[in-house]
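Letters A, B, ... are given to chains in the order of the sequence lines, protein chains preceding strands, and every chain is numbered from 1.
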2 protein chains.
Amino acid sequence: MASVNTQFSIAVHVLAAIAHNEGVFTSEILAGSVNANPVFVKRILVKLSKAKLAKTTVGKSGGYGLARSPKSISLLDIYSAVNPPDAFAIHAYPKTKECVVSCNIKEVMSDVLVGTQEAVRRDLRQTTLADVVSKIRARSG
Amino acid sequence: MASVNTQFSIAVHVLAAIAHNEGVFTSEILAGSVNANPVFVKRILVKLSKAKLAKTTVGKSGGYGLARSPKSISLLDIYSAVNPPDAFAIHAYPKTKECVVSCNIKEVMSDVLVGTQEAVRRDLRQTTLADVVSKIRARSG
DNA sequence: GATATAGATACTGATATAGTATCCATAAAT
DNA sequence: ATTTATGGATACTATATCAGTATCTATATC
């Protein structure tokens with residue numbers, strides 16, 4: 001546990017917690033729900049706040065609320081906010097001059113994988129935070 | 001450089017090199033084309049061989065050829081052969097009993113992300129090794 | 001003014017990727 | 001039959017990223 005990026009999944013978790021309970025919560029409480037390190041969760045909350053998905057109030061009795069309605073927040077919005085490394089990496093070794101494949105593979109793969117990355121984005125755009133909350137409620141009821 | 005999995009991209013590279021040059025090549029030569037560590041490339045070649053995408057001949061004057069035609073090998077075949085970690089990880093912290101979200105988020109996210117992973121597979125299935133080779137040739141010509 | 005919060009920073013620890021070195025088994029070349 | 005070049009396996013190391021820990025500052029409420 002530590003080398004796969006779980007920030008996206010944690011971001012969805014905390015936003016779902018806020019949305020489900022419809023209120024403002026401190027990072028301590030949200031970290032408690034995730035059962036993860038408070039500072040780690042804070043760092044994710046900061047990203048969500050900068051992306052204007054969460055609304056921060058600073059100072060005593062401060063905390064995090066939603067900045068937009070759950071229906072208007074897609075998983076793609078959350079994914080973009082935490083900005084995880086691309087799902088598909090291309091190797092970056094120096095080119096071997098005499099080899100046609102070596103000289104062009106990177107550009108060709110980039111081309112192909114842009115399409116794949118776009119497929120991911122299309123898929124994530126189809127699910128909203130409201131969908132996630134309602135699925136959670138369906139399971140608990 | 002070392003924490004993103006580049007094996008898929010390297011696997012495509014070596015198979016494209018074999019397909020483009022239409023022959024049998026040693027791991028040394030293939031590693032030379034990639035400009036990567038020979039043993040690392042070997043480990044990938046072993047996976048491709050086990051997945052029956054590459055055909056191995058052992059012993060002196062041995063090497064790697066294609067086991068199937070480039071048109072019949074999709075990027076999904078190659079992706080599955082190297083078996084990289086899932087693009088989307090879900091955090092695995094213990095559940096907080098009192099929290100409805102905490103108790104159900106993992107299953108709900110799994111559900112959603114299965115669809116995303118499937119979108120990736122659908123996309124990769126659309127491109128073949130032959131497509132990659134012809135794109136490379138188009139660039140070099 | 002005291003206090004509880006967000007937010008930032010520096011350091012540490014754990015894990016997975018990739019590199020290095022070396023060995024064995026096999027089959028071709030001699 | 002021997003030599004030799006290959007695939008394949010294994011053990012160890014180096015490095016980068018993710019995540020945890022500790023601590024500090026700024027700010028707004030009480």
Whether [X] side chain and [Y] backbone form a donor-acceptor pair below 3.5 Å:
| X | Y | answer |
| --- | --- | --- |
| B:Arg137 | B:His20 | yes |
| A:Asp111 | A:Val108 | no |
| A:Lys47 | A:Val82 | yes |

Residue A:Lys60, side-chain atoms from C-beta onward, closest of D:dT4, D:dA28, D:dT6: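 So the nucleotide nearest the side chain must be D:dA28.
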
Side chain of A:Ser49 - closest among C:dG7, D:dG7, D:dT29: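 Of the options given, the side chain of A:Ser49 lies nearest C:dG7.
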
Any donor-acceptor N or O pair under 3.5 Å, side chains B:Ser80, B:Asp77: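 No donor-acceptor contact under 3.5 Å links the two side chains.
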
Residue closer to the 5' end of DNA chain D, A:Val58 versus B:Leu45 (nearest nucleotide):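 Final value for this comparison: B:Leu45.
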
Can I get a per-line list of side-chain donor-acceptor pairs under 3.5 Å for residues 113-123 of chain B, giving both atom names and the distance, sequence neighbours left out?
residue  : atom : partner  : partner atom : Å
B:Thr116 : OG1  : A:Asp123 : OD2          : 2.7
B:Asp123 : OD2  : A:Thr116 : N            : 3.4
B:Asp123 : OD2  : A:Thr116 : OG1          : 2.8

Would you kindly give the [atom1]-to-[atom2] distance between [X] and [N], to the nearest whole Å?
| X | N | atom1 | atom2 | result |
| --- | --- | --- | --- | --- |
| B:Gln7 | C:dG19 | CD | P | 10 Å |
| A:Asn83 | D:dT17 | CG | P | 14 Å |
| A:Tyr93 | C:dT17 | OH | P | 13 Å |
| B:Asn5 | C:dT15 | CG | C1' | 14 Å |
| A:His91 | C:dG19 | NE2 | P | 11 Å |
| B:Arg43 | D:dT10 | CZ | P | 11 Å |
| B:Lys55 | D:dT6 | NZ | P | 19 Å |
| A:Ile10 | D:dC18 | CD1 | C1' | 10 Å |

Classify [X] by what it touches in the nucleic acid, base, sugar-phosphate, or nothing, heavy-atom distance under 4.0 Å.
| X | answer |
| --- | --- |
| A:Gly62 | sugar-phosphate |
| A:Lys50 | sugar-phosphate |
| B:Glu28 | nothing |

Indicate whether OP1 or OP2 belonging to [N] is found under 4.0 Å from a side-chain N or O atom of [X].
| X | N | value |
| --- | --- | --- |
| B:Ser61 | D:dT6 | no |
| A:Thr56 | C:dG7 | yes |
| A:Thr57 | C:dT5 | no |
| B:Thr6 | C:dA18 | yes |

Smallest separation among heavy atoms of B:Pro70 and B:Leu66, with atom names: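 Residues B:Pro70 and B:Leu66, closest heavy atoms: CG-CD1, 3.8 Å.
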
Contact check, side chains of B:Pro38 and B:Ser27, non-hydrogen atoms, under 4.5 Å: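 They are not in contact (no side-chain heavy atoms under 4.5 Å apart), so the answer is no.
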
DNA chain D contacts among residues 30-42 of chain A, heavy-atom distance under 4.0 Å: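 Going residue by residue through residues 30-42 of chain A, the ones with a heavy atom under 4.0 Å of DNA chain D turn out to be A:Asn37, A:Val39, A:Phe40.
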
Pairing partner (Watson-Crick or G-U wobble, both distances under 3.5 angstrom) of D:dC30: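 D:dC30 is paired with C:dG1.
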
Whether B:Tyr79 and B:Phe8 hold their rings parallel, tilted or perpendicular, with breakpoints at 30° and 60°: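 If you compare the ring of B:Tyr79 with that of B:Phe8, the planes turn out perpendicular.
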
